Amino acid sequence: MTASPIRVRFAPSPTGYLHVGGARTALFNWLYARKTGGTFVLRIEDTDKERSTDAHTQVILEGLTWLGITWDEGPFFQGADGPRHRADAERLLADGLAYRCFATPEALDAERRVAVAAGQTYRYERARWAVSAAEEARRLAAGDPFVIRFAVPDAELAWQDAVHGRISFQGRDIDDFVILRSDGSAIYNLAVVSDDIAMRITHVMRGDDHVSNTPKQIALYQALGAPLPVFAHVPMILGSDGKKLSKRHGATAVGDYQDQGILPAAMRNFLALLGWSPGGDREVITSDEMIELFSLEGIQGKPAVFDAVKLEWMNGQYLSHTSADDLLAPVQRQLQLAGVELGGRDLRALIDSAKARSRTVLQLAEQVAVRLDASRIVVDEKAAKLLTKMGPAFGAGLALALQALEPVGSAEWTPDRLFEALKQAAETHGVKLGDAMQPVRVALTGVTVSEPVNELLAVVGRDESLARIRASLSRTADPTPS
RNA sequence: GGCGCUAUCGUCUAGAGGCCUAGGACACAGCCCUCUCAAGGCUGGUACACGGGUUCGAAUCCCGUUAGCGCUACCA
């Protein structure tokens, strides 16, 4: 197979955790690369030395890996390419497309504040800070600090965005921006363009918050004499209040969802559907299908609200279709975190019977824990209500069940046999099956919701089940069976 | 304020001029199934922001208004 010339990249800055918005951008890039047989490059943009940390880089890498997003090249670290960035800036300077600016941040800040206070639009004026050649030489010799600014051309800066269509800006609306700090390090816009050129990136897919950077970058591509990549700006992800998703909306880091027991496949599916649609009614789709169906045209132009409830629903779908074998490790991890004694027990049967009623691995692990360890039983509100409502019938149901179950030996302690025993007992005593089943369910789990009671009994085991029923019976008022 | 983007149910979306009295999914309500729940099935309510065009015909094309969001740093 010949290599596709398509090259995309995901370029997070390690100044925080892997945000779901970033994860989705990464996913789209990955999907596109896999779809086209292209190359997915991972680049860590750590030019902001103040805020970048190795720990954040690690978390981002782990988050991507957990999500199953694999990169073909990298991770490259932007910070390592300082010399090339500087060389590009110098070249622009030599070509007269950029210039030294001696204005100090303080002076600029002061002017900005004045303008803002007066309710005016602040603009950096090239002429306002320009110095004569002689003055420049003098300051240079004196060692005055300066930055290099790019002289934004007074021309239309437009492109055909793969998701928005044509977008155009006027160069005159854009201030001459800094490309090289006074310490000689590159500012984002230069670093990105320099790197994307060097890495031969053909498609730049990133968040909508970058569209206002794009005209600057296009001007830079042109000044550097490099061909333009295709730009695709994917919409933002919003919180339920319609504002850009952030910490105050709760869980926004991919790791948060991992901790909550969301499955990577479900997260992938959910994220892919946020701002992208395969068309038609497709909803729960495998990653292979996503790759097959993915297209830039299918990306929505408007921002999408992150709906955690739907994520959980989707996770539930995946949970019920995931084998107990595959769920074993994550459930064990949650149980260990919760401090539940596993005692070398095989959890698979427990997982299988509980997973249908779980939306997250966390919920699943809680159910398993209750079945494993009687001390984890918590009688919930509905169960308490049922107890009150049934009154003496509750104890009667328990006693009846106990009577029916005690003769069943551990060898025949199977769902079928247990159902038969309970049904027969209920019929003989003229009791509704539910009036025996529900009390048993509550005695075994403390809640009114579970798998069918006969299965529950089987999974909890004979001795433990009988013990729980007896314990519950001893707490109820009227233990006399009818 | 300036510049830019966006505008279909509460939310995610289908829809690329007639197939739309607008479809699906989540959520919600009810029913069926049933020992409970989940799943599944069925039913219901809720949307083309507004105003002008273009057209025989507009959710779909154009313009304007309004609203929301983003950017506006020697952050990325």
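Chain letters run A, B, ... following the sequence lines, proteins first, then strands; residues in each count from 1. Computed from a predicted structure; not experimentally measured.
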According to the interplanar angle, ranging from 0 to 90°, do the rings of Phe169(A) and Trp159(A) count as parallel (below 30°), tilted (30 to 60°) or perpendicular (above 60°)? parallel
Between Arg51(A) and rA73(B), is there a side-chain N or O to OP1/OP2 distance below 4.0 Å? no
Might you list the N or O atoms of the protein lying below 3.5 Å from N or O atoms in nucleotides 65-70 of chain B, with each pair's distance?
from	atom 1	to	atom 2	distance (Å)
rC69(B)	OP1	Lys243(A)	NZ	2.1

Modelled atom types, side-chain donor and acceptor of Asp46(A) and Gln78(A), under 3.5 Å: no
Can you tell me the distance, in whole Å, between the CD1 atom of Ile285(A) and the P atom of rU13(B)? 13 Å
Look at all strands and tell whether Val147(A) reaches a base, only sugar-phosphate, or nothing, counting heavy atoms closer than 4.0 Å. base
Can you tell me the base-pairing partner of rU21(B)? Count Watson-Crick or G-U wobble geometry only, both distances below 3.5 Å, and say none if there is no partner. none
With a 3.5 angstrom cut-off on both distances, give the Watson-Crick or G-U wobble partner of rA7(B), or none if there isn't one. rU66(B)
Output the residues of residues 377-390 of chain A in contact with RNA chain B, where contact means a heavy atom of the residue under 4.0 Å from an atom of the strand; sort by number or write none. none
Flag for Gln300(A)-Ser277(A): side-chain donor and acceptor within less than 3.5 Å: no
If pairing means Watson-Crick or G-U wobble with both distances under 3.5 Å, then the partner of rG1(B) is rU72(B)
Parallel, tilted or perpendicular: which fits the ring planes of Phe294(A) and Trp276(A), with parallel below 30° and perpendicular above 60°? tilted
Ion pair Asp195(A)/Arg43(A), N-O distance below 4.0 Å: yes
Between Ser320(A) and Gly316(A) (side chain of the first, backbone of the second, donor and acceptor by atom type, cut-off under 3.5 Å), is there such a pair? yes
Which residues pass the side chain to side chain donor-acceptor pair (under 3.5 Å) test with Thr448(A), not counting sequence neighbours? none
Passes salt bridge (charged side-chain N to carboxylate O under 4.0 Å, His left out), Glu366(A) versus Arg371(A)? Steps please. CA-CA 9 Å; Glu366(A) 275 165 14; Arg371(A) 282 150 187 70; over 6 Å; no
Give none if rG45(B) has no partner; otherwise give the nucleotide forming a Watson-Crick or G-U wobble pair with it, both distances under 3.5 Å. none
All N/O contacts under 3.5 Å from nucleotides 31-34 of chain B to the protein, with atom names and distances to one decimal?
none

Compute whether any side-chain donor of one residue and acceptor of the other, for His233(A) and Asp209(A), lie under 3.5 angstrom apart. no
Would you say rC75(B) has OP1 or OP2 under 4.0 Å from some side-chain N or O of Arg181(A)? yes
Indicate, with a heavy-atom threshold strictly under 4.0 Å, whether Ala103(A) touches base, sugar-phosphate, or nothing. base
Distance test, side-chain N/O of Arg206(A) to OP1/OP2 of rA76(B), below 4.0 Å: no
Using the 3.5 Å cut-off, write out each protein N or O paired with an N or O of nucleotides 16-18 of chain B and the distance between them.
none

Protein within reach of the bases, or only the backbone? For nucleotides 36-51 of chain B, mark each nucleotide 5' to 3' as B, S or -, using heavy atoms under 4.0 Å. BBSSS-----------
Using a cut-off of 4.0 Å on non-hydrogen atoms, how would the nucleic acid contact of Asn213(A) be classed: base, sugar-phosphate, or nothing? base
Picking from Lys216(A), Arg123(A), Arg128(A), Arg126(A), what satisfies salt bridge (charged side-chain N to carboxylate O under 4.0 Å, His left out) with Asp176(A)? Arg126(A)
Give a yes or no answer on whether the side chain of Arg181(A) reaches the backbone of Ala186(A) with a donor-acceptor pair at less than 3.5 Å. yes
Are any side-chain N or O atoms of Asn454(A) and backbone N or O atoms of Phe419(A), one a donor and one an acceptor, separated by less than 3.5 Å? no
Indicate whether any N or O donor in one side chain lies under 3.5 Å from an N or O acceptor in the other, for Gln260(A) and Thr360(A). no
When you measure only distances, ignoring hydrogens and angles, does the side chain of Lys310(A) come within 3.5 Å of the base of rA27(B) through a donor and an acceptor? no
Over all strands shown, is Leu311(A) touching base, sugar-phosphate only, or nothing at heavy-atom distances under 4.0 angstrom? nothing
